[in-house]
Amino acid sequence: MDLIKPKTMPGVMELLPLEQIAFQNMLDTIRRTYERFGFLPVETPVMEYTKVLLTKSGGETERQVYFAQSTGALQQERQPELAMRFDLTVPLARYVAEHERKLIFPFRRYQIQRVYRGESAQRGRFREFYQCDIDVIGKDKLDLYYDAEIPAAIYTLFRELDFGKFTIHMNNRKLLAGFFAHLGIEDAQQQMLVLREVDKLDKRGRGKVVETLLAEPFSLAQDTVDQLMNFVGSGEGRTNRETLAALRELGIEQEQWLVGLNELTQVITQLEQLDVPEDYVNINLAIARGLDYYTGTVYETLLDDHPKLGSVCSGGRYENLAGYYTKSKLPGVGISIGATRLFFQLMDAGLVNLGQNSVKVLVTQMDPSLQEDYLQITAALRAGGINTQLMVEGGKFQKQLKFADRSGIRFTLIMGEKEKAEGYVTVKDLTKGEQLEIPRDQLVARLQALIDG
RNA sequence: GAGGGUGUAGCUCAGUGGUAGAGCUCCGGAUUGUGGCUCCGGCGGUCGUGGGUUCAAACCCCAUCACUCUCCCCA
């Protein structure tokens with residue numbers, strides 16, 4: 001019989017156990033921090049009704065949606081009425097609209113689940129990946145304070161994750177739109193297209209972007225492009241206070257511009273009051289976010305030492321989340337971490353600590369005639385809350401140690417005739433290469449101390 | 001959706017017409033209570049698939065599939 005080649009589809013991340021432990025530690029940290037900031041857990045189904053999912057999308061997103069249908073229905077040639085979610089924001093909108101009467105506003109939820117996109121294969125792009133979202137949804141209105149709280153949570157989280165220095169880049173869509181209007185670019189579509197180009201500044205470089213904007217179909221005037229570039233660069237090499245002052249000095253009276261400037265000023269001020277250090281937050285007028293539903297503050301987080309990873313966490317403010325599902329006005333602000341890509345790239349850069357098995361202790365079988373003791377010790381350690389594995393097969397002692405080493409299990413318990421006769425157990429620390437003798441009745445407490453230490 | 005590249009052992013890759021290779025991994029051993037290092041041995045491939053040329057094809061030709069990179073878009 002021909003063997004079938006065992007392989008996963010491209011664009012999914014599958015991990016070995018020690019890697020999975022590291023990944024789960026990361027997710028645990030994210031969950032813990034979100035909860036500390038007062039967000040409540042929500043899960044939604046992987047599949048939604050096609051109608052619900054494909055409301056506002058169209059174009060790019062719709063091309064990437066996986067449809068789902070039972071084989072029975074497909075045989076009847078029915079159109080798929082189910083599709084798999086491509087992000088967590090659309091399901092959130094449906095969730096809030098559906099349960100509006102039962103929720104308490106402002107509603108703050110976190111959601112850590114996988115989403116699905118029919119991406120074409122490319123490094124760091126996944127077809128199945130984790131998003132870790134927080135959002136705050138208001139009824140009718142939502143205080144601007146939350147625009148500061150979201151990055152404050154992200155600041156705390158990334159400090160905790162300990163991937164090195166990072167910067168939360170912030171901008172405001174109203175400020176941008178106001179500036180565009182001031183330049184005479186009034187059309188929202190046109191603004192959007194110019195924004196997308198500007199958003200690529202760090203990737204394509206200033207020269208290329210200027211070139212594109214001067215040429216068809218943009219055909220902007222040289223003077224307009226100069227002003228634009230000048231404006232976009234006005235955050236560079238300045239503190240946020242200096243940037244805000246410089247923007248004010250432009251003396252633009254356009255209405256949206258003024259609103260945007262005030263919003264940005266308040267958010268920056270409140271971030272200071274929330275004890276987020278200045279050098280972790282940067283007003284960056286070049287970031288715009290491609291997504292069209294953002295209407296105010298936008299965020300993008302980058303690791304300073306690894307700019308090539310791109311944004312590892314981004315989001316923003318939207319005026320009305322669930323307009324397709326309810327007549328209620330539900331403004332919100334939120335952010336999303338692409339945990340799969342983040343982890344994958346961190347692992348690639350060698351920044352993930354691998355090798356920590358969740359099993360802490362391996363009980364070896366030095367002498368098969370003492371098996372009863374080994375079983376009892378194993379049971380006692382487990383009862384004491386220590387993750388313990390018994391080397392059931394026994395075998396050559398060298399092999400047993402090698403097993404522990406390769407498995408990433410830090411401590412091995414050794415007890416032969418000698419230890420048995422004198423009532424103690426030898427504990428070997430494979431990380432330090434040291435071993436010590438511990439009386440059997442103190443074993444659980446002393447081991448726990450070693451694990452914690 | 002547009003344009004490039006690559007398919008040989010589990011992994012990374014040599015091999016351009018004459019019996020299929022290396023390194024790493026994995027398994028076993030180096031005398032009886034001590035892992036990582038070293039040394040020795042072993043397992044493992046219808047050379048992506050189908051057809052063609054040839055006495056002879058991993059290698060040349062045609063087709064096809066898969067993977068991959070850039071652009072686009074995103075986390």
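In the text below, chain A, chain B and the rest are named by the order of the sequence lines, each starting its count at 1.
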Among B/rU34, B/rA75, B/rA66, which nucleotide has an atom closest to any side-chain atom of A/Lys7? B/rA66
Can you tell me how far C1' in B/rU54 sits from the matching atom in B/rC62, rounded to whole Å? 16 Å
Please produce a list of atom pairs where a protein N or O lies less than 3.5 Å from an N or O of nucleotides 9-13 of chain B.
none

For atom CG of A/Asp367 and atom P of B/rU34, their distance in whole Å: 14 Å
Do A/Gln435 and A/Thr426 pair up side chain to side chain, a donor and an acceptor below 3.5 Å, judged on atom types alone? no
Could you state the atom-to-atom distance from CG of A/Leu362 to P of B/rU34 in whole Å? 16 Å
In residues 401-429 of chain A, which ones come under 4.0 Å of RNA chain B, going by heavy atoms? A/Leu401, A/Lys402, A/Asp405, A/Arg406, A/Ile414, A/Gly416, A/Glu417, A/Lys418, A/Glu419, A/Lys428
Is the A/Tyr116 to A/Tyr66 ring centre distance short of 6.0 Å? no
Within this structure, what is the CD-to-P distance between A/Gln64 and B/rC74, rounded to whole angstrom? 9 Å
B/rC60 - base-pair partner by Watson-Crick or wobble geometry, distances under 3.5 Å: B/rG52
Partner of A/Arg317 by side-chain hydrogen bond (donor to acceptor under 3.5 Å, both in side chains), out of A/Thr297, A/Asp147, A/Thr295: A/Asp147
Flag yes if more than 12 heavy atoms outside A/Met47 fall under 6.0 Å of its CE atom; otherwise flag no. no
Return the pairing partner of B/rG1 with a 3.5 Å limit on both distances, Watson-Crick or G-U wobble; otherwise return none. B/rC71
Tell me the partner of B/rG36, counting only Watson-Crick (N1-N3 plus N6-O4 or O6-N4) or G-U wobble (N1-O2 and O6-N3) with both under 3.5 Å; none if nothing fits. none
Rounded to the Å, how far apart are A/Gln345 CD and B/rA75 C1'? 9 Å
Can you tell me, in whole Å, how much space there is between the C1' of B/rC26 and that of B/rC11? 11 Å
Say you pick atom C1' in B/rA63 and the same atom in B/rA20; how far apart are they, in whole Å? 26 Å
Round to a whole Å and report the spacing from CD1 of A/Ile30 to C1' of B/rA75. 12 Å
Check: B/rA75 base within 3.5 Å donor-acceptor of A/Arg117 side chain: yes
Can you sort out the partners of A/Val225 under side-chain contact (heavy atoms from CB on, under 4.5 Å), two or more places apart, ordered by chain and number? A/Val210, A/Leu213, A/Leu214, A/Leu220, A/Met229
Consider only side-chain N and O atoms of A/Asn171 and A/Tyr294, and report whether a donor and an acceptor are under 3.5 Å apart. no
Shortest non-hydrogen contact from A/Arg36 toward A/Glu160: NH2-OE2, 3.4 Å
B/rG28 OP1/OP2 closer than 4.0 Å to side-chain N/O of A/Lys399: yes
For the ring pair A/Phe23 and A/Tyr130, is the centre-to-centre distance below 6.0 Å? yes
Does any nucleotide pair with B/rA66 by Watson-Crick or G-U wobble geometry, both distances under 3.5 Å, and what is it? B/rU6
According to the interplanar angle, ranging from 0 to 90°, do the rings of A/Phe166 and A/Tyr155 count as parallel (below 30°), tilted (30 to 60°) or perpendicular (above 60°)? tilted
What is the distance, rounded to the nearest whole Å, between atom CG of A/Asp133 and atom P of B/rC74? 16 Å
Ignoring backbone atoms, establish whether A/Gln131 has a side-chain N or O less than 4.0 Å from OP1 or OP2 of B/rA75. no
Indicate, with a heavy-atom threshold strictly under 4.0 Å, whether A/Gln400 touches base, sugar-phosphate, or nothing. nothing
If I pick the P atom on B/rA57 and the same atom on B/rG52, what distance separates them, to the nearest angstrom? 12 Å
Between A/Arg127 and A/Met9, which heavy-atom pair has the shortest distance, and what is it? CD-CE, 3.6 Å
Examine the base of B/rC73 for any acceptor or donor lying under 3.5 Å from a partner atom in the side chain of A/Arg196, and report the outcome as yes or no. no
Partner of B/rG42 under the Watson-Crick or G-U wobble criteria, both distances under 3.5 Å, comes out as B/rC26
What parts of residues 10-24 of chain A reach RNA chain B, counting only heavy atoms under 4.0 Å away? A/Pro10
Donor-acceptor pairs are to be reported for all side-chain atoms of residues 443-453 of chain A against protein atoms at under 3.5 Å, with residues two or more places apart or in another chain.
unit_1, atom_1, unit_2, atom_2, d
A/Arg446, NH1, A/Gln442, OE1, 3.4
A/Gln448, NE2, A/Asp452, OD1, 3.2

Separation of the P atoms in B/rG21 and B/rA9, to the nearest angstrom: 14 Å
Please enumerate all residues that pass side-chain contact (heavy atoms from CB on, under 4.5 Å) together with A/Gln398, with sequence neighbours excluded. none
From CZ of A/Phe158 across to C1' of B/rA75 the rounded distance in Å is 11 Å
Side chains of A/Glu98 and A/Tyr325: donor-acceptor distance under 3.5 Å anywhere? no
